[in-house]
Protein chains: 2
Amino acid sequence: MNSPDFDTLLNFFKVLANENRLKLVGILSQTECSVEDLAARLHLKEPTISHHLMKLKELNLVEMRSQGNTHFYKLNGDTLSYLNKSLFTSEQMANWTKDIPTEAWEEKVLRSYINSDCLIEIPASRKKRLVILKWLVNKFDLGRTYTEKEVNEILKRYHPDSATLRREFIGYKLMKRDKGIYERLAENLWQSEREIMKQKN
Amino acid sequence: MNSPDFDTLLNFFKVLANENRLKLVGILSQTECSVEDLAARLHLKEPTISHHLMKLKELNLVEMRSQGNTHFYKLNGDTLSYLNKSLFTSEQMANWTKDIPTEAWEEKVLRSYINSDCLIEIPASRKKRLVILKWLVNKFDLGRTYTEKEVNEILKRYHPDSATLRREFIGYKLMKRDKGIYERLAENLWQSEREIMKQKN
DNA sequence: AGACTAATTAGATATAATTCTAATTAGAAA
DNA sequence: TTTCTAATTAGAATTATATCTAATTAGTCT
């Protein structure tokens, strides 16, 4: 029995996020009831109760049994305990976000600072600058070295202030410099975003 | 640590019964995020995110930490697991209904068939008739016997058709008859409502 | 068959929730 | 100080939800 997906769970919360429906669940957990009876207990009209019971039934939270004209409803405890079982484990919640791209914000930053592959301006905020620098450092090959002149030449294709950008590469640990020779660093050596954010803007 | 009450739980469902808020919980369970970042990921404006985060914060579902201008939010896992722990036990749910009177429907029936202590009409439906008869049988003392004539006299105070009512007392097992002598039966000997409903109207 | 009962469906209205824009606040940088 | 940035608050507009009355359906009783 696998755990419920995002939509099922959302639906579950929506159905239970109503005072009278939650009370219905409470009542039906104790006893089997007719629509008329439930209407009297909650001081609502029968159509309203029917409407709520429909929503509960769609989720299999209640079961119905007919006896003549009367429809008796009761709780389906199995469904409840199934839904209730470890809904909020980390893995479970990670699943909900699987269709939400993590890089949405970075893409937005790139779109707003880069026009037809050219850097319009160097962002003032440290966080946004990192996004731009990560994009720029991709223009350099991994595993080969560059002289300062070479680095400047490549950077100038994107922005005139190559000196600042070159210095920032070092500051953000996207590149290392040894005796005037530059080399791109692997992603796992970069300063974590978390570390960067601990500093001031 | 006692379990949450009805209102807390209802609030919990209301807060989680929203697609974007549930997604926020999902994202924040994986990583700490700024408002700006969350807005980009969910394609919503910052004020909207702020608004949702407020609701989550009121329930202690998220925590906030400031760093300069930026507010970083993350999930408060403790609250989640507290709320998630055995919400739907029978005892728990029984608690929700403690302020809902069980007899609401019976009272409604009484109100509609009895006017200033007089029975307007004998209900056609078996279920409602039982309610009326239970009310009527209270007019007789427990532990003493009545002749048929005495029973009729008392019943006539409430409704002219005493014969029918008297016969129904026997049918519903609210009274017993032995050689023309009637006696009221204790409640625990009555036919259960469940039994009565198994019969047709 | 016709009358009655309980439940449901349809449609209208009232209430609540979501989301936006614009204005405001608080902190950081120039 | 002034400017900029990120977050929040206020207020309006859209959208969704809950509830009711009236009409319909299905089952019973006479």
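Since we're looking at a predicted model, the values are computed, not measured.
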Closest to side chain of [X], choosing from [options]:
| X | options | value |
| --- | --- | --- |
| A:Glu36 | C:dT9, C:dT19, C:dA7 | C:dA7 |
| B:His71 | D:dT8, C:dT21, D:dA18 | D:dT8 |
| B:Asn20 | C:dT19, D:dA7, D:dT19 | C:dT19 |
| A:Asn69 | D:dA26, D:dA18, C:dT9 | D:dA26 |

Please tell me if [X] has a side-chain N or O lying less than 4.0 Å from either OP1 or OP2 of [N].
| X | N | answer |
| --- | --- | --- |
| A:Asn18 | D:dA18 | yes |
| B:Thr70 | D:dA6 | no |
| B:Lys45 | C:dT18 | no |
| B:Lys128 | C:dA6 | yes |
| B:Arg21 | C:dA17 | no |
| A:Tyr73 | C:dA6 | no |
| A:Ser50 | C:dT8 | yes |
| B:His52 | C:dT19 | yes |

What integer distance in Å separates [X]:[atom1] from [N]:[atom2]?
| X | N | atom1 | atom2 | result |
| --- | --- | --- | --- | --- |
| B:Leu53 | C:dT19 | CG | P | 12 Å |
| B:Glu46 | C:dA23 | CD | P | 17 Å |
| A:Lys14 | C:dA17 | NZ | C1' | 11 Å |
| B:Ile122 | D:dT30 | CD1 | P | 13 Å |
| A:Arg129 | C:dA28 | CZ | C1' | 13 Å |
| B:Glu58 | D:dT9 | CD | P | 10 Å |
| A:Lys57 | C:dT9 | NZ | P | 8 Å |
| B:Leu16 | C:dT18 | CG | C1' | 16 Å |

List the atom of [X], the atom of [Y], and the distance in Å for their closest heavy-atom pair.
| X | Y | value |
| --- | --- | --- |
| A:Glu183 | A:Arg144 | CG-O, 3.5 Å |
| A:Phe169 | A:Leu133 | CE2-O, 3.5 Å |
| A:His52 | A:Leu24 | CB-CD1, 3.6 Å |

Quick one about A:Asp5 and A:Thr8 (side-chain donor to acceptor, distance below 3.5 Å, no hydrogens or angles considered), yes or no?
yes
Note: for A:Pro47 and B:Val35 on DNA chain D, the residue whose nearest nucleotide lies more 5' is B:Val35
Please tell me if the side chains of A:Leu42 and A:Thr48 come closer than 4.5 Å, counting only heavy atoms from C-beta onward.
no
Applying a 4.0 Å non-hydrogen cut-off, can you work out what B:Ser34 is touching in the nucleic acid: base, sugar-phosphate, or nothing?
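Sugar-phosphate, backbone atoms only, no base.
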Ring geometry between A:Phe13 and B:Phe13 (parallel below 30°, tilted from 30 to 60°, perpendicular above 60°):
tilted
